[in-house]
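These notes are about the structure you will find just below.
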Amino acid sequence: MKVALFATCLVDLFQSNVGKATVELLEHLGCEVEFPESQVCCGQPAYNSGYLKESKEAMKRMIETFLDAEYIVSPSGSCIAMFREYPHIFKGDPEWEPKAIKVAEKSFELTEFIVDVLKVEDVGAAFDASVTYHTSCHMTRLLGVRKAPMVLLKNVKGLRFTELPGKEQCCGFGGTFSVKMAQISEQMVDEKVCHIEETEAEYLIGADAGCLMNIGGRIQRKGKPIKVLHIAEILNSR
Amino acid sequence: MPMKIGSNDFKDRVEEGINDSFMRKAVAGAQERMGSRRQDAADQLGNWEDWRSHGEEIRQHVLEHLDYYLKELSDNIASRGGHVFFAQTPAEANEYIKNVVESKGAKKVVKSKSMVTEEINLNSYLEEAGCEVTETDLGEYILQVDDHDPPSHIVVPALHKNKEQIRDVFTEKLGYQKTEKPEELAAHARAVLRQKFLEADIGITGCNFAVAETGSFCLVTNEGNADLVTALPKTQITVMGMERIVPTFVELEVLVSLLTRSAVGQKLTSYITVLTGPREQNEADGPEEFHLVIVDNGRSNILGSEFQSILQCIRCGACINACPVYRHIGGHSYGSIYSGPIGAVLTPLLGGYEENKELPYASTLCGACTEVCPVKIPLHGLLLKHREQIVEKEGKAPISEKLAMKAFGLGAASPFLYKLGTKMAPTAMNPFVSGNTISKGPGPLKAWTEIREFPAPHKERFRDWFKNREKDGDA
């Protein structure tokens, strides 16, 4: 099965380890992974700030890049949610709407792809530690992916899971919200960090680089001993 | 703008909210209680999503045919001897109501809870005209006694106050001498309010839903105060937002069920009252004279616009109870009597962008509001539409942001520029990096790094790793 990897800009620039783990994990599961070089950003930073025109530039490049892929997979629920929004954004555009639909239909978040498309629930991973998991808002509410990461984590050998109190509450990232409304964002991420501490887990796991950068950055600033990992890194641990 | 509250500066209001630890504790507790009660009440039905779709359908149908239903409603009220007045502006509504009050020589008014009368600022208008206006909903009464403290929640107006604070208000303003026990506080308010009901010349209510087919209107409360407001005074005035209509009792049942479950997690509230026109000859109680004031105040401008779905709102407050931003800043930070997600969408539409331009940005677009809305208003999508409006049509975005987004557009349109930009990032950011992190960033990173660490860009981007790996034949 051929998979075109949509790495996301955050992973490309700041979290190459997440990209590597995703590639290795997919290959381990028998996929042939390619990385289309012309990929840019999904357009979300501009789109969510109200810059529709600018964001459409990015979206068109992404549609062209991935149009002929068999499957498009990304280690980010939020960025895939953006892909799935493309048909709505280009609604009524005779050239781009059909292409947007094509791209949206074959786009999958990593855990969703493994469970729903590859039909794998145990990736054969082992990780001997206590963890908790932050369910990102876009992944759960926009994309509707709630079960897949849980199913996969449950089957990781040695992993001890504690549910995060207030797990569906936003961490306060929200893209530009984190800097535009910094004073509010700070309160939100602090509450999230408090909840993570309550679980006494060694690791916080998530499936979205943005949320993890926000929560992880706050944990680091406060000097807390909690480590932060992307779910791809856990599933790629053997 | 009459619905405006608090200081002019959004950041100041937020700061005040964040520093109010009593309020934040009260709000967080209430959100959790009301959130889980709402969930239970929704789950009880077994097919909540079908109910939501049905609610959405009814509301959309009414909005598409609003002119028809408004005419049907007003004809039916008139045929029963009621008076109907269409007010385009708050001033017109207030003026009409004042004239009714004056024509009756009335001095004492009792009111049941109504957001639209807050919106048009009716109380202060009537007070200036020499009337004594008494709010009879307990939450509203507490706020009124506390020097007209504005509501911070559309269903639970005094949510920001705990019982000790309420005791202090009663002690200071009403000479109350008992404890902070809710029962004792309520009993005291009840004793005061009973007398007010008996003395009142005029009763003023809001309207949860008007039923077009019969010319009736429905009030949903838990205290029964609205029933006294409508039963005792000789003259009754009901004020409604022009979109709050259902075609028949069949649709009323669906929407009341969605409302009570979403607002307070109850199958039904203690009182659901439907009233139709003034007292008829063979009836024992009810007002001798009935006036319905239908308020537009900008609603017809929203109709037919890309924001039309906000008029589906049935004022349940579920979005407020689910909002993680509201949780930390409280209702007053929104600077409007409409707070939370519904307020962030509605306030700029009714009051303009100039004074409310921050509100659409006071959201992470997490979608919690959209998820709980019983009539499926795409709330976070509407916030996004506001942002587009502010950027593209109003041109009110900051210049630095515009430039950054222009650069984004250029970079994103050209994979070459994008790759160049990401390649240069580690070098450009190098002066700010210590170890693998940035603790004090420049420009837009400053606000980020005041709170958190920012990761240093990796020297080897993921795409470089992938390319090298292919070259090495590792793949």
Which region of Y361(B), side chain (C-beta onward) or backbone (N, CA, C, O), has a non-hydrogen atom less than 4.5 Å from a non-hydrogen atom of chain A, or is it both or neither? both
Positions in residues 214-222 of chain A that reach chain B, provided some heavy atom is under 4.5 Å away: N214(A), G217(A), R218(A), Q220(A), R221(A)
Where along residues 421-431 of chain B does a heavy atom come under 4.5 Å of chain A, listed by residue number? T422(B), A425(B)
For a 4.5 angstrom cut-off between non-hydrogen side-chain atoms, does V14(B) reach M181(A)? no
Do NZ/NE/NH1/NH2 and the carboxylate oxygens of R146(A) and E371(B) come within less than 4.0 Å? yes
Could you look at I18(B) and say if it's the side chain, the backbone, both or neither that has a heavy atom under 4.5 Å from chain A? side chain
Among R141(A), K56(A), E57(A), the residue with the most heavy-atom pairs under 4.5 Å to chain B is R141(A)
On a heavy-atom basis, the closest approach of R452(B) and S178(A) is NH2-O, 3.5 Å
Going from OH on Y418(B) to CD on Q39(A), what distance comes out if it is rounded to the nearest 0.5 angstrom? 8.0 Å
Under a 4.5 Å heavy-atom cut-off, does chain A meet the side chain of S439(B), its backbone, both or neither? both
Where does V179(A) contact chain B at under 4.5 Å (heavy atoms): side chain, backbone, both or neither? both
Under 4.5 Å from any heavy atom of chain A, what part of H380(B) do you find: side chain, backbone, both or neither? side chain
Listed by chain and number, what are the side chain to side chain donor-acceptor pair (under 3.5 Å) partners of E354(B), not counting sequence neighbours? none
CD/E16(B): more than 12 non-hydrogen atoms of other groups inside 6.0 Å: no
Thinking salt bridges, do R461(B) and D12(A) make one under a 4.0 Å N-O criterion? no
Under 4.5 Å from a heavy atom of chain B, the part of L142(A) involved: side chain
Checking heavy atoms, do the side chain of C9(A), its backbone, both or neither come under 4.5 Å from chain B? both
Which bit of E186(A) is near chain B, if near means a heavy-atom gap under 4.5 Å: side chain, backbone, both or neither? both
Which members of residues 42-49 of chain A, sorted by number, sit under 4.5 angstrom from chain B on a heavy-atom basis? G43(A), P45(A), A46(A), Y47(A), N48(A), S49(A)
Mutual orientation of the aromatic rings belonging to F466(B) and F35(A) [parallel < 30°, tilted 30-60°, perpendicular > 60°]: tilted
Show the numbers, then the answer: is there a salt bridge (Lys or Arg N to Asp or Glu O under 4.0 Å) between E27(A) and R469(B)? CA-CA 14 Å; E27(A) 286 176 351; R469(B) 181 169 177 265; 2.6 Å; yes
So what's closer than 4.5 Å to chain A heavy atoms on K406(B): side chain, backbone, both or neither? both
Ignoring hydrogens and geometry beyond distance, is a side-chain donor-acceptor pair present between R387(B) and T176(A) at under 3.5 Å? no
Minimum-distance pair of heavy atoms, taken over all atoms of A362(B) and F177(A): C-CE1, 4.1 Å
So F462(B) and L5(A), do their side chains get closer than 4.5 Å, heavy atoms only? yes
So what's closer than 4.5 Å to chain B heavy atoms on E64(A): side chain, backbone, both or neither? neither
Nearest heavy-atom neighbours spanning N17(A) and H458(B): OD1-CE1, 3.7 Å
If we only count heavy atoms from C-beta on, is the R61(A) to P415(B) side-chain gap below 4.5 Å? yes
Quick one: what part of V18(A) sits under 4.5 Å from any heavy atom of chain B, side chain, backbone, both or neither? neither
Looking at every heavy atom in both K180(A) and K11(B), which two are closest together, and how far apart are they? O-NZ, 4.2 Å
Of the backbone (N, CA, C, O) and the side chain (C-beta and beyond), which part of T449(B) lies under 4.5 Å from a heavy atom of chain A, both, or neither? both
Heavy-atom cut-off 4.5 Å, strictly under: side chain, backbone, both or neither for K60(A) against chain B? neither
Quick check on E32(A) against chain B: is it the side chain, the backbone, both or neither that has a heavy atom closer than 4.5 Å? neither
